[in-house]
Amino acid sequence: MTPSPWQGRALGTRTVSWTARDAILYALTVGAPADRLDLVYEERLRVLPTFALTLAQWAPDALGTLGAFDVTTAVHGSQRLLVRRPLEPEGELTTTARVARVLDKGAAAVFDVEVTCASFTATWSVFAPGGGGFGGDRGPSAPRRPDGPAGHTLTVATHARQAALYRLLGDRHAMHIDPGAARAAGMPRPFLHGLCTLAASLLPLADALGAHPAALVELDARFAAPVFPGDRLTLRGWTADEDRADQARTGDGSGRDRTARGGTAVRFEASADDGRTVLSGARARFAPDLPDLSDLPDQKEHHDA
């Protein structure tokens with residue numbers, strides 16, 4: 001195997017800051033209702049963990065600026081997030097980024113951009129057409145859909161202004177608002193950010209599981225097809241596979257992931273009304289509410305706002 005010259009490349013360090021206003025705007029943009037005061041009111045605010053991804057967006061953008069791929073055609077292929085501690089309603093973090101690996105898909109390359117800090121580790125997989133063929137590792141195949149019927153079937157409604165609003169949170173790529181830029185990226189019209197679709201899906205999913213959306217501790221999902229603002233999505237979630245994993249770890253069949261101290265894990269996917277799968281191979285894990293992650297590195301006691 002021949003590794004890409006970009007593999008292992010350091011992308012630098014950046015200090016990022018946020019206020020309660022930023023976290024509230026994010027929650028409203030991804031679909032939190034106005035009466036969900038713990039997500040949209042500064043007096044009792046709990047920050048959605050996926051808000052962290054807006055703080056680290058600089059890293060994949062920096063790699064594109066360096067010329068690793070064509071920013072007009074590259075698309076976000078998948079996202080991973082590991083939460084180490086909850087974000088406070090306002091604060092500052094020092095984030096460090098690197099190219100963790102580059103996969104060779106033949107006609108394309110996939111760049112894994114990893115961002116780390118005291119509160120989270122986030123990894124963007126950027127699918128770059130024309131960047132493959134260098135003789136590198138192809139990487140793992142896509143995860144299969146769980147066997148059996150879904151235990152949860154939910155609806156996720158997007159709205160016409162959602163992509164325009166999400167751009168205000170830091171991802172200003174033109175393909176999400178400019179029809180010409182969208183066509184250059186191979187899309188018929190501007191489409192919703194994958195991270196917005198993912199965060200919007202987690203809100204009803206957490207409710208269905210009896211978890212708090214701010215208690216998310218792990219997330220992994222692939223963006224299989226674009227979502228267009230206004231699409232209505234069907235979300236399906238499975239817990240049976242997690243039940244079997246629990247039995248191996250804890251000897252019971254409770255349906256809870258004991259690695260999260262009684263938290264809940266679920267596999268899920270989302271599809272549009274025309275049958276397109278838009279999120280695939282997805283998995284989320286929620287810690288008990290309130291999350292207690294003191295056994296992980298770099299932890300601090302969390303006080304609910």
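Only this structure's heavy atoms are used, side chains among them; waters, hydrogens and symmetry mates stay out.
- Side-chain contact annotation: Thr264 with Arg285, donor-acceptor N/O pair under 3.5 Å absent.
- The backbone N or O of Gly230 lies less than 3.5 Å from a partner atom in the side chain of Thr158, making a donor-acceptor pair.
- Checked for salt-bridge contact, Arg267 and Asp220 miss the test: no charged N lies under 4.0 Å from a carboxylate O.
- Put simply, the side chain of Arg98 does not reach to within 4.5 Å of the side chain of Leu11, judged on heavy atoms.
- Side chains of Pro179 and Pro190 form a contact here, defined as non-hydrogen atoms less than 4.5 Å apart.
- The pair Arg101-Asp112 meets the salt-bridge criterion, with a side-chain N (NZ, NE, NH1 or NH2) lying under 4.0 Å from an Asp/Glu carboxylate O.
- For the residue pair Arg236/Thr153, the side-chain donor-acceptor check at 3.5 Å is not satisfied.
- If you chain together hydrophobic residues whose side chains sit under 4.5 Å apart, Ile24 and Phe51 fall into the same group.
- The side-chain heavy atoms of Glu92 and Val16, taken from C-beta on, include no pair separated by under 4.5 Å.
- Judged by distance alone, the side chains of His76 and Asp171 never bring a donor and an acceptor atom under 3.5 Å apart.
- Atom CZ of Arg172 sits in a crowded spot, with more than 12 heavy atoms from other residues, nucleotides or ligands closer than 6.0 Å.
- Annotation: the span from Leu235 atom CG to Leu279 atom CG amounts to 7.5 Å, rounded to 0.5 Å.
- Residues Val110 and Val126 have side chains not in contact (no heavy-atom distance under 4.5 Å, counting atoms from C-beta outward).
- When all heavy atoms of Gln7 and Ala100 are compared, the pair lying nearest together is CG-O, 4.0 Å.
- Leu93 and Tyr26 fall within a single hydrophobic cluster, where Ile, Leu, Val, Met, Phe, Trp and Tyr side chains are chained together by heavy-atom contacts under 4.5 Å.
- Residues Thr54 and Tyr166 have side chains that never bring a donor and an acceptor to within less than 3.5 angstrom of each other.
- Under a 3.5 Å cut-off, the side chain of His173 and the backbone N or O of Met175 do not form any donor-acceptor pair.
- For the pair Arg283 and Phe268, the minimum side-chain heavy-atom distance is 4.5 Å or more.
- The CG atom of Leu233 sits 9.0 Å away from atom OG1 of Thr155, with the distance rounded to the nearest 0.5 Å.
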- Message: Asp178 vs Arg183, test: salt bridge (Lys or Arg N to Asp or Glu O under 4.0 Å). Steps then yes/no.
- Response: CA-CA 9 Å; Asp178 182 342; Arg183 287 192 294 271; over 6 Å; no

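- A donor-acceptor contact closer than 3.5 angstrom links the side chains of Thr96 and Thr13.
- Here the side chain of Asp137 pairs no donor or acceptor atom with the backbone of Leu103 at under 3.5 angstrom.
- With hydrophobic clusters built from ILVMFWY side chains whose heavy atoms lie under 4.5 angstrom apart, Val99 shares a cluster with Leu66.
- Taking 4.5 Å as the limit, some side-chain heavy atom of Val156 sits within range of a side-chain heavy atom of Pro204.
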- Show your reasoning for whether side chain to side chain contact (heavy atoms under 4.5 Å, CB included) applies to Phe223 and Val75. CA-CA 9 Å; Phe223 306 116; Val75 295; over 6 Å; no

- Step by step, would you call Trp58 with Arg14 a side chain to side chain contact (heavy atoms under 4.5 Å, CB included)? CA-CA 8 Å; Trp58 67 268; Arg14 186 172 298 189; 3.1 Å; yes

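- Considering every non-hydrogen atom in both Leu45 and Leu39, the closest pair reads CD1-O, 3.1 Å.
- Smallest separation of non-hydrogen atoms from Ala224 and Thr277: CB-O, 3.3 Å.
- To the nearest 0.5 angstrom, Arg80 atom CZ is 12.0 Å from Leu53 atom CG.
- Looking only at distances, a side-chain donor or acceptor of Asp104 sits under 3.5 Å from a matching main-chain atom of Gly135.
- Counting only heavy atoms from C-beta outward, the side chains of Phe286 and Glu218 never approach each other to under 4.5 Å.
- Closest of all the heavy-atom pairs between Leu219 and Ala284 is CD1-CB, 4.2 Å.
- In this structure, Trp124 and Val115 have side chains that are in contact, with non-hydrogen atoms separated by less than 4.5 Å.
- The two residues Thr95 and Cys117 come nearest to each other via the heavy atoms CG2-CB, 3.9 Å.
- Note on Arg276 versus Asp231: salt bridge recorded, some NZ/NE/NH1/NH2 to OD/OE distance being below 4.0 Å.
- When the side chains of ILVMFWY residues are joined at heavy-atom separations under 4.5 Å, either directly or via intervening members, Leu203 and Leu205 end up in a single hydrophobic cluster.
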- Query: Where do Leu25 and Leu28 land on the side chain to side chain contact (heavy atoms under 4.5 Å, CB included) test, with the steps shown first?
  - Reply: CA-CA 5 Å; Leu25 174 62; Leu28 290 168; 5.5 Å; no

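- Glu42 CD to Arg21 CZ: the interatomic distance, rounded to the nearest 0.5 Å, is 11.5 Å.
- Put simply, the side chain of Gln162 gets close to the backbone of Thr29: a donor and an acceptor are under 3.5 Å apart.
- If you take CG on Asp61 and OG1 on Thr65, they are separated by 6.5 Å, rounding to the nearest 0.5 Å.
- Contact detail for Trp238 and Asp147: the closest heavy-atom pair is CD1-O, 4.0 Å.
- Hydrophobic cluster membership is shared by Leu195 and Val30, with clusters built from Ile, Leu, Val, Met, Phe, Trp and Tyr side chains linked at under 4.5 angstrom.
- Two rings, from His176 and Phe191, have their centers less than 6.0 Å apart.
- For the pair Arg189 and Phe228, the cation-pi test (distance below 6.0 Å, angle within 45°) is passed.
- Here OG of Ser119 is found 11.0 Å from CG of Leu82. Values are rounded to the nearest 0.5 Å.
- Using a distance-only test at 3.5 Å, with no hydrogens or angles considered, a donor-acceptor pair links the side chain of Lys105 to the main chain of Arg138.
- The closest donor-acceptor contact from the side chain of Gln79 to the backbone of Thr123 lies under 3.5 Å.
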